[in-house]
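Let me begin by presenting the structure, written as structure tokens, before commenting on it.
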2 protein chains.
Amino acid sequence: MSLPHAILTALLEKPSSGLELTRRFDRSIGYFWSATHQQIYRELGKLEAEGLIRVLPSEQPARGQKKAYEVLPAGRAELARWTAASHDPRPLRDAMLLRLRAAAVVGTDGIEPDLRRHLELHERQLAEYREIERRDFPPGRDSTEDRLRHLVLRAGIDLETFWTEWLRHALAEFTELPGQPGSAGPG
Amino acid sequence: MSLPHAILTALLEKPSSGLELTRRFDRSIGYFWSATHQQIYRELGKLEAEGLIRVLPSEQPARGQKKAYEVLPAGRAELARWTAASHDPRPLRDAMLLRLRAAAVVGTDGIEPDLRRHLELHERQLAEYREIERRDFPPGRDSTEDRLRHLVLRAGIDLETFWTEWLRHALAEFTELPGQPGSAGPG
DNA sequence: GATTCCATGTAAACTGTTACATGATTCC
DNA sequence: GGAATCATGTAACAGTTTACATGGAATC
């Protein structure tokens with residue numbers, strides 16, 4: 001499981017409080033490993049109990065006060081171990097693909113608006129990634145860290161590019177469809 | 001929540017027993033919505049209790065005997081409703097991308113073999129999809145159901161193509177790397 | 001002092017995974 | 001009749017999601 005390692009990575013990049021982490025999981029790290037604030041607080045508690053992170057000594061607050069964490073050597077070692085370990089890729093799970101497969105059986109009625117909406121969402125995400133690329137990875141720079149992070153961003157860009165193209169392709173199929181199959185109802 | 005709808009789709013395509021469904025979730029439907037036999041049996045029980053499916057009247061067996069299900073009209077209606085309803089796309093969660101982001105901080109030591117292994121796995125999956133395309137979608141055929149199912153298969157092919165290209169790109173970066181960053185250890 | 005926002009959390013419900021249990025059938 | 005396989009499940013746990021709770025700080 002990867003949430004603790006996502007948090008360790010984020011904290012190594014920059015020590016943060018729970019809410020700051022939550023914000024960064026809404027962009028940046030969250031682009032390929034999302035998490036809610038509830039997950040993050042729970043996991044911070046576990047990681048601290050395991051001695052992988054600690055509260056920054058400068059701030060030792062009460063409930064409701066900001067509390068920032070940093071990674072301890074044991075945490076960095078655990079992250080390095082996990083990064084190098086072998087992990088099987090998780091099988092794909094995509095509801096839109098499932099819905100189209102279902103539509104082949106029960107009919108395509110009503111699905112087109114959501115295809116358009118998804119297309120817009122993916123176009124927006126793609127534009128955001130491109131903007132990050134323009135801003136953070138200007139041509140010429142190539143420290144190793146930059147190259148690795150750029151590689152990850154390229155994956156996001158290429159994936160969103162795939163989805164926008166595929167959704168456009170799907171919508172094109174729809175406008176060509178003669179009648180709606182399967183919409184004759186049960187029986 | 002999509003597992004019940006994946007099962008309804010599979011049962012509409014062909015009434016099946018739990019084990020037959022499990023087999024089909026290891027290929028076909030499972031290529032974009034995977035499930036284990038435990039999930040499937042639990043969900044079959046729920047769907048039957050809700051009146052969306054029923055045991056085929058021809059076979060009413062005891063424990064350990066094969067038991068095939070079919071979809072009832074209410075089940076078909078629920079699937080059509082779900083297919084047409086609006087759903088937000090789930091955010092991406094990919095451990096390999098996270099690992100590369102972590103590698104930018106803790107170093108790339110040891111990650112290359114698993115990149116190669118993933119490349120092989122994705123190449124194998126891509127070959128399998130292409131074989132299915134060759135077998136099931138010869139040029140010329142285009143009933144609406146076929147076109148929808150082909151569209152879904154194309155998504156699988158394009159996604160695996162993306163991953164193989166991206167992993168090759170990642171490995172190329174690695175062979176060019178001068179020194180291993182971050183591997184100087186904690187501090 | 002009421003409302004809103006910041007920040008940290010708890011609880012419960014739901015999903016998914018791993019390990020195990022049980023009966024029926026087939027094959028030697 | 002013993003072992004392997006088919007087929008259907010149960011139980012326990014881990015991970016995720018949703019709803020709610022609590023306290024402090026800022027603002028009106």
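Worth knowing before you read on, the calculation uses all heavy atoms, side chains too, and leaves out hydrogens, waters and symmetry mates. Every chain is numbered from 1, with letters handed out A, B, ... down the list of sequences.
The distance between atom NZ of Lys67(B) and atom C1' of dA24(C), rounded to the nearest whole Å, is 15 Å. Atoms CG (Leu19(B)) and C1' (dT25(C)) sit 14 Å apart, rounded to a whole Å. Tyr41(A) has its OH atom 12 Å from the P atom of dC6(C), to the nearest Å. Spacing between atom CD of Glu20(B) and atom P of dG9(D) amounts to 14 Å, rounded to whole angstrom units. Counting to the nearest Å, the C1' atom of dA14(D) and the CD atom of Gln38(B) are 15 Å from each other. dT5(D) atom P lies 19 Å from atom NZ of Lys66(B), rounded to whole Å. Atom CG of Asp88(A) is separated from atom P of dT18(C) by 10 Å (rounded to the nearest Å). If you take NE2 of His37(A) and P of dA11(C), they are 14 Å apart, rounded to a whole angstrom.
Between Arg54(A) and Glu70(A) a salt bridge is recorded (basic side-chain N to carboxylate O distance below 4.0 Å).
Applying the ring pair (Phe, Tyr, Trp, His ring centres under 6.0 Å) test to pairs two or more places apart or on separate chains, those with a residue in residues 73-116 of chain A are His5(A)-Trp82(A), Trp82(A)-His87(A). Sequence neighbours left out, the pairs with a member in residues 7-35 of chain B that pass salt bridge (Lys or Arg N to Asp or Glu O under 4.0 Å) are Arg101(A)-Glu13(B), Glu13(B)-Arg24(B), Glu20(B)-Lys66(B). Residue pairs meeting the salt bridge (Lys or Arg N to Asp or Glu O under 4.0 Å) criterion with at least one member in residues 149-172 of chain B, sequence neighbours excluded: Glu123(B)-Arg168(B), Glu133(B)-Arg154(B), Arg154(B)-Asp158(B). For residues 102-122 of chain B, every residue pair satisfying the ring pair (Phe, Tyr, Trp, His ring centres under 6.0 Å) rule, not counting sequence neighbours, is listed here: His122(B)-Trp163(B). For residues 11-36 of chain B, the ring pair (Phe, Tyr, Trp, His ring centres under 6.0 Å) pairs, not counting sequence neighbours, are Tyr31(B)-Tyr129(B).
Annotation: of the two residues near DNA chain C, Gly18(A) and Ser34(B), the 5′-most nearest-nucleotide partner is Gly18(A).
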Pairs: protein N or O with nucleotides 13-16 of chain C N or O, under 3.5 Å:
| unit_1 | atom_1 | unit_2 | atom_2 | d |
| --- | --- | --- | --- | --- |
| dG16(C) | OP1 | Arg93(A) | NH1 | 3.2 |
| dG16(C) | OP2 | Gln39(B) | NE2 | 3.2 |
| dG16(C) | N7 | Arg42(B) | NH1 | 3.3 |
| dG16(C) | N7 | Arg42(B) | NH2 | 3.4 |

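Here Thr22(B) lies out of heavy-atom contact (under 4.0 Å) with every strand.
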